[in-house]
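Both counts, for ligands and for their atoms, begin at 1 and track the order of listing. Numbers here simply count residues along the sequence, with the first being 1.
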Amino acid sequence: MIIVLKPDATKKQINHVIERITALGLKPMVSKGTERTIIGVIGPEDALRVQPLEVIPGVEKVMPVLKPYKLVSREFKPQPSVIEVGDAKIGGRQLVVMAGPCSVENGQMLMETAKAVKQAGAQILRGGAFKPRSSPYSFQGLGEEGLKYLREVAQTTDMSVVTELMDVRHLSLVERYADMIQIGARNMQNFELLKEVGQSKKPVLLKRGLSATITEFLLAAEYILDQGNFNVVLCERGIRSFEDQTRFTLDLNAVPVIKKLSHLPVIVDPSHGTGSWDYVLPMARAGVAAGADGLMIEVHPNPEVALSDGPQSLLPKKFADLMKETAKVAKAVGRVL
Ligand code: PEP
Ligand code: MN
């Protein structure tokens, strides 16, 4: 249920509505817009059907939300959210690019990559210290050592850091070093992890699960908002399909669909979405054309020897080309890169 207040509703009237909702054993979530305040009501809504709220002064209308998610919905917050990560603002006219290696392998390669991607215009440095690998025998990441490199290199290059959290036991460790917490595709429905990052003060980058529908994706984000953390950015990174020419099928439909259904920003990851470096540029352009608020791109100074995702990693020079080419598309759709 969503309660839309009148544009001239007073603070006292708004507080009264909040008190009534709380008294009915429901949870009010307040969204203050520039024009009016909207209150989302979480919990069994039958109570509200018995005690109508339309009659309370200051209330304009009470609308049932037919969708299974509430806080992430456009109904709850009609204006798009802009999520701040360091100096970067994700969801505004300026597109935000997160770039870096798949895994942090050592300090030197990270520094070399970070300098190159920063120079080309990326604002956020990405790199995994905890890696979700299909095989237990593959490189699993450097753990805290990797987090330290990320922080050090970000400091030197004046960038922010996004890195993956896989386990609730590592939350405070990752929070100490990262500016944004990534929840990977394989953990999109790890509900306990979602609840924990929902209580964190750090913004969250939530990647779409390999076989998650858009509704499931939005419900996963709802878990984080429900715990009070509204700083969530969604990432379309490709889904499983019958197609085997590419690693995944980048579902660019998700961009306009999510924009319609939700106020949260959406970025596109053409690196994992295609699995091949030579498809990354065209799909980055396509993502921006579809309305994405940014990109996540894997870059490695020597992809041949990368410990993970070498085939989809761009050389720094190719990344710089991608930034230039994609900027043209951004301009054509009224955005800036
Ligand atoms: C990654 O960003 O390196 C990663 C593992 O992504 P995903 O969770 O989308 O596979
Ligand atoms: Mn990767």
Side-chain angles (χ1 to χ4, degrees), residues 85 96-105 109-110 113 117 122 124-136 138-143 146-147 149-150 160-167 170 174 178-190 193-194 197 203-212 214 216-217 220-221 232-241 246-252 254-255 266-277 279-280 283-284 287 292 294-315 319:
V85 181
V96 174
V97 177
M98 311 178 184
C102 177
S103 303
V104 177
E105 298 171 7
M109 67 79 73
L110 188 65
T113 313
V117 298
I124 302 177
L125 176 64
R126 65 142 288 142
F130 295 100
K131 294 303 302 175
R133 304 306 300 278
S134 299
S135 163
S138 300
F139 177 60
Q140 303 285 308
L142 296 180
L147 295 174
Y149 291 140
L150 280 165
S160 297
V161 167
V162 61
T163 195
E164 179 162 355
L165 170 73
M166 297 208 305
D167 188 322
H170 297 143
V174 171
D179 300 296
M180 182 178 218
I181 300 171
Q182 177 173 325
I183 300 296
R186 290 155 191 83
N187 270 316
M188 190 207 81
Q189 284 189 315
N190 182 336
L193 190 57
L194 298 175
V197 295
V204 175
L205 178 70
L206 179 65
K207 299 190 85 174
R208 182 176 179 184
L210 276 55
S211 59
I214 292 172
E216 288 163 341
F217 191 17
V232 175
V233 175
L234 303 171
C235 179
E236 166 56 43
R237 49 78 69 212
I239 50 176
R240 279 263 157 87
S241 77
T246 49
R247 186 179 177 193
F248 293 99
T249 295
L250 190 64
D251 177 19
L252 290 182
V255 177
V266 192
I267 69 163
V268 164
D269 172 355
S271 303
H272 293 88
T274 62
S276 305
W277 70 267
Y279 303 143
V280 172
M283 296 316 284
L295 296 167
M296 169 169 267
I297 309 283
E298 287 188 339
V299 180
H300 195 290
N302 187 1
E304 267 179 49
V305 298
L307 296 179
S308 60
D309 288 351
Q312 70 197 33
S313 297
L314 293 182
L315 283 162
F319 175 71

Can you list the ligand 1 atoms lying under 4.0 Å from a non-hydrogen atom of R186? 7 (P), 8 (O), 10 (O)

Over all heavy atoms of both residues, which pair between H272 and F248 is shortest? Give the atoms and the distance, please. O-CD1, 3.1 Å

Nearest non-hydrogen protein atom to atom 6 (O) of ligand 1, with distance, is K207 NZ, 3.0 Å

Need the ligand 1 atom indices (1-based, order shown) with element for anything under 4.0 Å from a heavy-atom of G184. 8 (O)

Nearest neighbour in protein (non-hydrogen) for atom 4 (C) of ligand 1: H272 NE2, 3.4 Å

State the atom name: nearest N, O or S atom of E298 to the Mn ion (ligand 2). OE2

Qualifying residue, where the test is salt bridge (Lys or Arg N to Asp or Glu O under 4.0 Å) with D269 and the options are R247, R237, K207, R208: K207

May I ask whether C102 places a heavy atom under 4.0 Å from ligand 1? yes

How open is the angle at the Mn ion (ligand 2) from atom SG of C102 over to atom OD2 of D309, rounded to 10 degrees? 90°

Between A220 and L194, which heavy-atom pair has the shortest distance, and what is it? O-CD1, 3.6 Å

Among L193, L206, V197, V162, find the one that has a side chain to side chain contact (heavy atoms under 4.5 Å, CB included) with I181. V197

Between R126, E164, Q182, Q312, which one has a non-hydrogen atom sitting closest to atom 3 (O) of ligand 1? R126

Do T274 and T246 have side-chain atoms, one donor and one acceptor, less than 3.5 Å apart? no

For V85 and S160, the nearest pair of non-hydrogen atoms, with its separation, is O-OG, 3.7 Å

Kindly confirm or rule out an N or O of A185 lying under 3.5 angstrom from an N or O of ligand 1. yes

Looking only at distance, does D309 have an N or O less than 3.5 Å from an N or O of ligand 1? no

Which heavy atom in S313 sits nearest to a heavy atom in W277, and how many Å separate them? O-CB, 3.5 Å

For atom 7 (P) of ligand 1, which of the options R237, M296, K131 provides the nearest non-hydrogen atom? R237

Atom pair NE2/OG1 of H170 and T163 - distance to nearest 0.5 Å: 12.0 Å

